[in-house]
J.: 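One structure, pasted below without further comment.
Positions are given from 1 along the sequence. Order of appearance sets the numbers: ligands from 1, and atoms from 1 within every ligand.
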Amino acid sequence: MSVSESISPDSDAIDAHGSRRSTSGGPADLETGAILSIDLSAITTNWRSLASRVAPAECAAVVKADAYGCGAEPVARALADAGCRVFFVASLAEARKVRAIAPNATVYALNGLPPGSASAFADADVRPVIGSLIELAEWDAYRAASQWRGGCALHFDTGMNRLGLSLDEAPALATRLNSQNHGISLVMSHFVCSEAPADPLNERQIEAFRDVRLLFRGVTSSLANSSGIFIGASAHGDLVRPGYALYGGNPLPGQPNPMKAAIGLKGRIVQIRNVPQGGTVGYGAAWTAPSPAKIAVVSVGYADGYVRAAGGAEGRPGAQVVVAGRHCHVVGRISMDLSTVDITALPEHAVRRGDFATLIGGDITIDDLAAWTGTIGYEVLTNLGARYHRVWTQ
Ligand SMILES: *Cc1c(COP(=O)(O)O)cnc(C)c1O
């Protein structure tokens, strides 16, 4: 979905409390099956709390993948208003969206410089995160042939073996600092397993990056993602790069979540039906009613990012959802556009057609849904579908 095309100010921009403004996007509420709400004030609160945790280091914001499914434009606008000055995205296309709403921000594209793209980076005033000598050669050639003096980041690989210059290349590259206009505005690296703070690899990466920082003295340095921030000051460098924690994900798996939840997902109940004992529900007859059952059919399916792993069979309960204030389980397979929830235990008449089931929100976190479906909350967020009616509250 192109958020910029679909965002419109809500006519009732002031909510019941009289203070919180909202904007909406995606299909209209009644024209779709589910409502995704994004609490921008929770996101800015999370950013501020991380910023104060790392001070005097600076706190950037990672808004790649449409701000982890939360809407790059509204999220970047809210964060820029809150004082965030540095944004990271994956690609130039994503960077343009941030540039358009935050003209004075510094914007880095993590996936580097695709061949032939240097002038486009300069035109958009976006800084490539350079991860190989060939990329750097191309960027240098462009800078030599043009008047462009905008910066770039050098990404050093300290253990991921994914993107990044190798550490052996650092000393030679550091001699560039002797020239004026060297154009290196940031040196960075990326943690392999910061969500497991006791893993010795973290300390090895911190040490390796310490050498990079020494070589590139005077250049801003950046190492920590969300979980890396909680390793402590030795991981902070000059600039931290949280993504997941901004959106309410738990940067400390297995411990209480210090962040504020920012996402709510409610699916409309299209129909309530009685299933006799022995009746099966959904494709593949994957779930059989052990006794007379009542099923709520919710208009959210795998095409909306509510993955098939959320389904349930006998002996393997599906994901939980909240209906009429009570936790219920998905039963049967998730369809493309629909899910089926066992509401047998709810009081008679507690649920009516048109009511909503809460799939994310309240005490159901993105980390819970991820655990029930065998993935990580990052994937839950970035899977959030394009068909939802979206509401961003301020
Ligand atoms: C995605 C990404 C981040 C943000 O990571 P989170 O775990 O979401 O905080 C930071 N740095 C790099 C290089 C990334 O790719």
Side-chain angles (χ1 to χ4, degrees), residues 43 46-47 49-51 53-54 57-70 72 75-76 79 84 86-92 94-95 98 106-113 126-132 135 152-165 185-197 199 201-202 205-206 208-209 212 220-231 235-253 255 257-260 262-263 365-367 370 375-384:
I43 294 172
N46 286 336
W47 180 80
S49 99
L50 295 173
R53 175 179 285 272
V54 302
E58 184 171 354
C59 191
V62 180
V63 295
K64 62 195 181 188
D66 199 28
Y68 292 47
C70 297
V75 167
L79 288 170
C84 181
V86 183
F87 292 89
F88 289 85
V89 292
S91 67
L92 184 54
E94 292 181 346
V98 178
T106 299
V107 185
Y108 286 102
L110 290 163
N111 281 4
L113 191 70
V126 174
R127 302 182 182 188
V129 174
I130 285 177
S132 70
E135 281 181 344
C152 71
L154 297 186
H155 182 176
F156 288 96
D157 192 310
T158 51
M160 181 83 92
N161 286 310
R162 193 179 62 175
L163 289 178
L165 295 147
S185 51
L186 181 74
V187 288
M188 59 170 271
S189 190
H190 192 38
F191 279 119
V192 172
C193 49
S194 54
E195 70 289 349
D199 193 299
L201 191 44
N202 292 311
Q205 288 191 276
I206 289 169
F209 192 61
V212 173
T220 303
S221 64
S222 177
L223 176 59
N225 66 330
S226 296
S227 297
I229 288 171
F230 290 84
I231 289 175
H236 292 168
D238 304 313
L239 179 74
V240 295
R241 307 187 306 271
Y244 190 52
L246 296 176
Y247 311 105
N250 188 357
L252 303 168
Q255 294 179 55
N257 187 352
M259 313 315 297
K260 231 179 137 171
I263 303 292
T365 67
I366 52 182
D367 291 289
T375 183
I376 54 174
Y378 293 71
E379 196 174 30
V380 169
L381 287 177
T382 56
N383 271 346
L384 290 168

J.: Report yes or no: do Thr158 and Gln205 form a side-chain donor-acceptor pair below 3.5 Å?
T.: yes
J.: Can you name the residues that come within less than 4.0 Å of ligand 1, going by heavy atoms only?
T.: Val62, Lys64, Tyr68, Leu110, Met188, His190, Asn225, Ser226, Arg241, Pro242, Gly243, Tyr244, Tyr378
J.: Quick one: salt bridge (Lys or Arg N to Asp or Glu O under 4.0 Å) partners of Asp199, sequence neighbours excluded?
T.: none
J.: Do Tyr108 and Ser185 have side-chain N/O donor and acceptor atoms under 3.5 Å apart?
T.: yes
J.: Answer yes if the side chains of His236 and Arg53 hold a donor-acceptor pair under 3.5 Å, and no otherwise.
T.: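 Checked: His236/Arg53 side chains show no N/O donor-acceptor pair below 3.5 Å.
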J.: Do the ring planes of Tyr244 and Tyr378 sit parallel (below 30°), tilted (30 to 60°) or perpendicular (above 60°)?
T.: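 Rings of Tyr244 and Tyr378: parallel, as their planes differ by under 30°.
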J.: Report yes or no: do Asn225 and Ser194 form a side-chain donor-acceptor pair below 3.5 Å?
T.: yes
